[in-house]
Amino acid sequence: MATVMQKIKDIEDEMAKTQKNKATAHHLGLLKAKLAKLRRELLTPSSKGAGGAGEGFDVTKSGDSRVGLVGFPSVGKSTLLNKLTGTFSEVASYEFTTLTCIPGVITYRGAKIQLLDLPGIIEGAKDGKGRGRQVISTARTCNCILIVLDAIKPITHKRLIEKELEGFGIRLNKEPPNLTFRKKDKGGLNLTSTVTTTHLDLETVKAICSEYRIHNADITLRYDATADDLIDVIEGSRVYIPCIYVVNKIDQITLEELEILDKLPHYCPISAHLEWNLDGLLEKIWEYLNLTRIYTKPKGMNPDYEDPVILSSKKRTVEDFCDRIHKDMLKQFKYALVWGSSAKHKPQRVGKEHELEDEDVVQIIKKV
């Protein structure tokens with residue numbers, strides 16, 4: 001493990017020393033590809049003796065969505081979990097109070113959201129220091145990440161945590177790169193792009209691909225992609241997770257400082273101890289999770305508005321709705337009646353490809 005760590009450090013040092021210009025672009029691309037490969041090796045050690053892979057904490061997934069609290073020790077993650085969910089997570093004024101992952105569940109707008117209080121991470125977690133590897137492996141399974149920051153500590157902590165998470169292949173508040181990468185048997189490397197590219201040229205692409213031993217591929221860029229984007233697509237093990245920066249302990253800073261914090265994107269200022277703005281935080285979590293609530297309507301009865309079926313914004317067709325209720329439901333599915341904003345008229349008769357909107361009412365008609 002130490003040799004991999006040493007290699008990572010050497011490459012990072014070399015990247016820091018290399019000037020960024022057109023002449024060094026493909027050399028930097030090569031170094032970035034090597035770094036990504038070494039990081040992956042660190043996460044999944046090949047030999048059985050070298051400890052387990054980057055396994056997370058054993059926490060059963062419950063509820064409709066999962067939100068993880070990530071941050072340095074003593075920023076108030078446990079207090080926040082206690083106030084939001086009523087679960088008890090040990091709170092004390094010394095660092096590293098929480099040693100394992102504590103789950104709690106909030107019911108908000110009919111959806112059950114599981115909150116995970118993860119232990120504090122330290123700098124160098126992505127390289128296996130502390131329990132950082134377990135913390136970040138668990139964070140990968142979340143639908144949304146809350147990075148909890150302390151308002152009285154320097155804001156550079158945010159950059160450090162982002163760096164740790166990015167080292168683990170978690171991309172915060174980003175969309176997957178809009179480029180196509182297709183391997184083939186022969187014909188060399190073809191790079192086509194629909195826009196003018198400033199970061200990637202054929203030399204750089206060749207350097208990156210040769211590191212992965214790929215010599216025949218078609219690459220299509222639909223936007224000005226960077227070397228990192230190409231590496232992300234080749235690696236393929238990246239997760240794209242929405243993230244909210246929760247600034248805690250705002251009761252200890254001045255109003256002017258709070259106004260500066262308020263201008264930053266994806267931020268939510270709170271005070272967990274005094275319960276300030278916790279409603280605003282829940283509202284923001286709901287917006288970032290982007291869930292769709294669907295109400296069921298049994299035949300000849302009123303819709304059940306108490307217990308909605310929760311779907312993610314990416315999978316919200318009638319077929320997904322049936323799967324969520326019971327996996328055998330699709331075999332008996334004939335058509336569905338939909339009331340709500342996705343229906344052109346009330347009710348609209350639809351098939352299983354129909355996309356549902358938030359707060360639609362659905363009645364499934366089965367085959368006889």
Side-chain angles (χ1 to χ4, degrees), residues 4 7-8 11-12 14-15 18 20-46 53-54 126 136-137 139-143 162-163 165-243 290 311-317 319-320 323 352-353 355:
V4 177
K7 282 178 190 167
I8 287 179
I11 291 176
E12 280 178 343
E14 194 177 336
M15 279 169 72
T18 310
K20 287 183 176 66
N21 56 40
K22 277 187 180 170
T24 60
H26 86 274
H27 176 60
L28 277 170
L30 190 67
L31 291 177
K32 282 177 179 171
K34 279 184 176 165
L35 196 60
K37 280 177 74 176
L38 288 170
R39 285 259 161 80
R40 188 183 60 204
E41 229 172 275
L42 200 62
L43 281 181
T44 51
S46 48
K126 64 178 186 298
I136 302 179
S137 300
R140 277 180 72 99
T141 65
C142 296
N143 303 92
E162 284 174 345
K163 203 174 159 198
L165 293 175
E166 277 177 9
F168 258 72
I170 296 175
R171 302 285 173 263
L172 303 173
N173 293 327
K174 280 186 189 167
E175 288 297 311
N178 189 4
L179 59 94
T180 332
F181 180 86
R182 208 173 70 245
K183 286 188 198 175
K184 51 187 186 177
D185 296 334
K186 54 179 187 284
L189 287 171
N190 289 332
L191 178 66
T192 49
S193 98
T194 53
V195 290
T196 45
T197 56
T198 53
H199 303 292
L200 281 177
D201 55 6
L202 195 56
E203 282 300 301
T204 315
V205 171
K206 274 183 178 167
I208 292 170
C209 289
S210 68
E211 181 58 38
Y212 286 98
R213 303 202 178 135
I214 297 168
H215 304 296
N216 303 301
D218 287 331
I219 299 147
T220 314
L221 308 179
R222 292 190 196 82
Y223 73 114
D224 192 3
T226 60
D228 290 324
D229 294 337
L230 179 61
I231 291 168
D232 281 355
V233 171
I234 297 175
E235 280 277 344
S237 61
R238 305 293 184 242
V239 286
Y240 297 84
I241 303 178
C243 165
N290 204 351
L311 303 175
S312 82
S313 57
K314 293 185 179 74
K315 290 185 170 181
R316 49 170 195 201
T317 59
E319 188 173 351
D320 297 318
D323 269 344
K352 56 187 176 192
E353 293 79 37
E355 284 232 337

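Everything numeric here is computed off the predicted structure, so don't read it as measured data.
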Problem set entry | S312 side-chain N/O to K315 backbone N/O, donor-acceptor pair under 3.5 Å | yes

For this session: Report the residue from E235, K37, K183 that forms a side-chain hydrogen bond (donor to acceptor under 3.5 Å, both in side chains) with Y212.
Result: E235

For this session: Keeping the roles fixed (side chain from N178, backbone from R222), state whether a donor-acceptor pair exists under 3.5 Å.
Result: no

Problem set entry | Side-chain heavy atoms of I219 within contact of T180, under 4.5 Å | no

Problem set entry | Which atom of A33 lies closest to which atom of E211, heavy atoms considered | CB-CG, 3.8 Å

For this session: Return the minimal non-hydrogen interatomic distance between D224 and T198, and the atom names on each side.
Result: OD2-OG1, 2.5 Å

Exercise. Does the side chain of E166 reach to within under 4.5 Å of the side chain of K174, using non-hydrogen atoms?
Worked result: yes

Problem set entry | Evaluation steps, side chain to side chain contact (heavy atoms under 4.5 Å, CB included), between L30 and I208 | CA-CA 5 Å; L30 190 67; I208 292 170; over 6 Å; no

Exercise. Step by step, would you call I234 with I231 a side chain to side chain contact (heavy atoms under 4.5 Å, CB included)?
Worked result: CA-CA 5 Å; I234 297 175; I231 291 168; 5.7 Å; no

For this session: Test side chain to side chain contact (heavy atoms under 4.5 Å, CB included) on I8 and L35 and set out the steps.
Result: CA-CA 6 Å; I8 287 179; L35 196 60; 3.9 Å; yes

Exercise. Closest approach of N216 and G187, non-hydrogen atoms and distance?
Worked result: OD1-N, 3.5 Å

Problem set entry | Closest approach of I11 to L31 (non-hydrogen atoms, all atoms of both residues) | CG2-O, 3.7 Å

Exercise. Hey, what do you get for CG (L221) to CZ (F181), rounding to the nearest 0.5 Å?
Worked result: 11.5 Å

Problem set entry | Side chain proximity check, T317 to K352, heavy atoms < 4.5 angstrom | no

Exercise. Taking the side chain from D218 and the backbone from R182, do they hold a donor-acceptor pair closer than 3.5 Å?
Worked result: no

Problem set entry | Test log, rule side chain to side chain contact (heavy atoms under 4.5 Å, CB included), inputs K7 and K34 | CA-CA 9 Å; K7 282 178 190 167; K34 279 184 176 165; over 6 Å; no

Problem set entry | Close side-chain approach of S193 and Y223, heavy atoms under 4.5 Å | no

For this session: Would you tell me whether E14 and H27 have side-chain atoms, one donor and one acceptor, within less than 3.5 Å of each other?
Result: yes

Seminar exercise, completed: For G29 and T204 the tightest heavy-atom approach is CA-CG2, 4.3 Å

Exercise. Rounded to the nearest 0.5 Å, how far does CE of M15 lie from OG1 of T24?
Worked result: 10.5 Å

For this session: Only one of D228, D229, D232 passes side-chain hydrogen bond (donor to acceptor under 3.5 Å, both in side chains) with R171; say which it is.
Result: D232

Exercise. Quick check: does any side chain N or O of S210 sit under 3.5 Å from a backbone N or O of H215, one acting as donor and the other as acceptor?
Worked result: no

Seminar exercise, completed: Note: L311 and R316 closest approach over all heavy atoms is CD1-CA, 3.8 Å

